[in-house]
Amino acid sequence: MLHETDGPPVFDLLQIGQLPVPAWLADTLLEYALKLLSAREEYQIASDTIKKISVADGRFTVTYAWQADLPDRIRSILLPHEEQARLKAYQERLAGNVRSGSGAATMALADVMVPLFGLAAERSTSGDAVAENRAAIVVLAFFVNGKGLGVIVPAARDWPQLPPSKVLLDGREDFSQHFTISAAIAANAAAPLSDAIGLYKEIDDSRSGSGFSFNDVAADRAGTRFGELAVSNKESALKLQRQVAAGIRDSDILPRVADLPEFMPETEFKKRFGGIGSSPYKRMMDDIERRIAALPLYR
């Protein structure tokens, strides 16, 4: 039990299990804890933003003052300095390749991936192969999808910037976007999350966009598989680095998908496949998985 003051709250009673703690000791411990927290940026953000906390009449009230730099300050602590430095290394390598003439306004995804994973292989000799692959994939995904890393790492706005480019997978920009987004999600989270996002986009497209496309789903699934292999364990991470760095083609990361149904409005999709989870839908998904599994890179 505590009561409010103009400063930190003051203990009236503290009991841990059956052990009573003197109020003066509890106050001293709280003061010490706050002193330790004050050195952390997270605490500074809270301290600068939250002006008052009160509890009354069954209501917990927080009074805060919004600050323009608050989103950047929060984003700056989401990734540790070591991880930011790792992302910067891949951003610099990619920027150097694009501007040196090895890149062009339009390029194949495989050609973009090779030097990035070459760098990952170099850095993994004395570093964490899984972490290197994860960073390479994140930088790749943001570049392919036309986003700057500054949206998640404020410091990246001062890193070498990449010119707008069109990156194609099997001759299509949407395939490269599907592939890299799913790879990034799979490399940083559980695979089902990547599946769910890719599937949601296809359902949304069937209602108001380009329509449901099984070949887009194939690009999602191939990207998810790539991301999983990149971070599953050290041996798998190193093997993938070597294979990609040695040189790959688009056909090494995405199977043949031109024959798969695409651009289906919701009514056509339901008429032909009966909706998500139906037997025809599952057969189509099984076919996609078999095609992906047949690629040497994913074995």
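Nothing here was measured: the structure is a model prediction, and the numbers come from that model. Side chains included, hydrogens not; waters and symmetry mates left out as well; all remaining heavy atoms used.
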*Could you go through the side chain to side chain contact (heavy atoms under 4.5 Å, CB included) check for T267 and K271 one step at a time?*
CA-CA 6 Å; T267 53; K271 181 179 180 181; over 6 Å; no
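- Remark: side-chain polar atoms of Q91 are paired, donor with acceptor, to backbone N or O of P160 under 3.5 angstrom.
- By the criterion of side-chain heavy atoms lying less than 4.5 angstrom apart, applied directly or through intervening Ile, Leu, Val, Met, Phe, Trp or Tyr residues, I253 is not grouped with L168; the two fall into different hydrophobic clusters.
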*Trace of the side chain to side chain contact (heavy atoms under 4.5 Å, CB included) decision for V112 with V144*: CA-CA 9 Å; V112 179; V144 169; 5.5 Å; no
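- Note: F214 and Y281 have tilted aromatic rings, judged against thresholds of 30 and 60 degrees for the angle between ring planes.
- When every heavy atom of P261 is checked against every heavy atom of R272, the shortest pair comes out as CG-NH2, 3.8 Å.
- When atom types are taken as modelled, the side chain of S176 and the backbone of V167 share a donor-acceptor pair closer than 3.5 angstrom.
- When every heavy atom of A218 is checked against every heavy atom of L260, the shortest pair comes out as CB-CD1, 4.2 Å.
- Between the side chain of D252 and the backbone N or O of I248 there is no donor-acceptor pair closer than 3.5 Å.
- Relative orientation of the F179 and F226 rings is tilted, given thresholds of 30° and 60° on the angle between their planes.
- Heavy-atom neighbours of K35 NZ from other residues, nucleotides or ligands within 6.0 Å: at or below the threshold of 12.
- Counting only distance, with no hydrogens or angles, the side chain of Q15 and the backbone of G17 share a donor-acceptor pair below 3.5 Å.
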*Report the C-alpha distance between S124 and L238 in whole Å, list the side-chain angles of each, state the deciding distance to 0.1 Å, and finish with yes or no for side chain to side chain contact (heavy atoms under 4.5 Å, CB included).*
CA-CA 8 Å; S124 295; L238 290 171; 3.9 Å; yes
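- Using a 4.0 Å cut-off between charged side-chain N and carboxylate O, E83 and R86 make a salt bridge.
- Residue Q44 qualifies as enclosed at atom CD: its count of foreign heavy atoms under 6.0 Å is above 12.
- Looking at M113 and L109, their side chains come closer than 4.5 Å, going by heavy atoms from C-beta outward.
- Residues D216 and D174 are in side-chain contact: their nearest non-hydrogen atoms beyond the backbone lie under 4.5 Å apart.
- Side chain of N97 to main chain of P115: no donor-acceptor pair is present (N/O by atom type, distance under 3.5 Å, no hydrogens or angles).
- Within the 4.5 Å cutoff, no side-chain heavy atoms of Q243 are placed close to those of F117.
- Of all heavy-atom pairs spanning T28 and W24, the tightest one is OG1-O, 2.8 Å.
- Hydrophobic clustering, with ILVMFWY side chains joined whenever heavy atoms are under 4.5 angstrom apart, groups V257 together with L297.
- Few gaps surround CZ on R299; more than 12 heavy atoms of other groups in view lie less than 6.0 Å from it.
- Taking the side chain as every heavy atom from C-beta outward, V217 and M285 approach each other to under 4.5 Å.
- Atom CD in E132 sits 11.5 Å away from atom CG in L116 (nearest 0.5 Å).
- Rounded to the nearest 0.5 angstrom, F11 CZ and M1 CE are separated by 12.0 Å.
- Of the possible polar contacts, none joining the R225 side chain to the I292 backbone as a donor-acceptor pair under 3.5 Å is found.
- The one candidate from L25, L2, L19, V21 that meets the side chain to side chain contact (heavy atoms under 4.5 Å, CB included) condition with L14 is V21.
- The distance from atom CD of Q84 to atom CD of E82, rounded to the nearest 0.5 Å, is 11.0 Å.
- Side chains of T180 and N145: a donor-acceptor N/O pair is present below 3.5 angstrom, by distance only.
- Looking at every heavy atom in both residues, Y298 comes nearest to A222 through OH-O, 3.5 Å.
- Shown here for I137 and A187, the closest heavy-atom pair between the two residues is CD1-CB, 4.1 Å.
- V10 and Y32 sit in two unconnected hydrophobic clusters of ILVMFWY residues. Membership requires side-chain heavy atoms under 4.5 Å apart, directly or through other members.
- In terms of modelled atom types and a separation under 3.5 Å, the side chain of D111 and the main chain of M107 share no donor-acceptor contact.
- By the 4.0 Å N-to-carboxylate-O rule, R290 lies too far from D286 to be salt-bridged with it.
- The number of heavy-atom neighbours closer than 6.0 Å to NE2 of H3, taken from other residues, nucleotides and ligands shown, is above 12.
- With contacts defined as side-chain heavy-atom distances shorter than 4.5 Å, the pair F273/M284 qualifies.
- Remark: R172 qualifies as a cation-pi partner of F175 under the 6.0 Å distance and 45° angle criteria applied to the six-membered ring.
- Taking CE of M264 as the start and NZ of K270 as the end, the distance is 13.0 Å to the nearest 0.5 Å.
- Remark: the E262 side chain and the N215 side chain contain an N/O donor-acceptor pair separated by less than 3.5 Å.
- L13 and L29 are not part of a single hydrophobic cluster, where members link through side-chain heavy atoms under 4.5 Å apart.
- In terms of heavy atoms, A121 sits closest to Q241 at CA-OE1, 3.3 Å.
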*I276 and F212: side chain to side chain contact (heavy atoms under 4.5 Å, CB included), yes or no, with the steps?*
CA-CA 11 Å; I276 304 297; F212 191 102; 4.3 Å; yes
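- Contact annotation: the side chain of R93 approaches that of E122 to within less than 4.5 Å [non-hydrogen atoms, C-beta and beyond].
- The backbone N or O of N233 sits nowhere less than 3.5 Å from a side-chain atom of S236 that would complete a donor-acceptor pair.
- There is no path of hydrophobic side-chain contacts, each under 4.5 Å, that joins F142 to V231.
- Panel note: side chain N133, backbone V130; no donor-acceptor pair is recorded below 3.5 Å.
- The closest side-chain heavy-atom distance from S251 to D170 is not below 4.5 Å.
- A donor-acceptor pair is defined here as one N or O able to donate and one able to accept, closer than 3.5 Å; no such pair exists between the side chain of E268 and the backbone of E266.
- The closest side-chain heavy-atom distance from F143 to V98 is below 4.5 Å.
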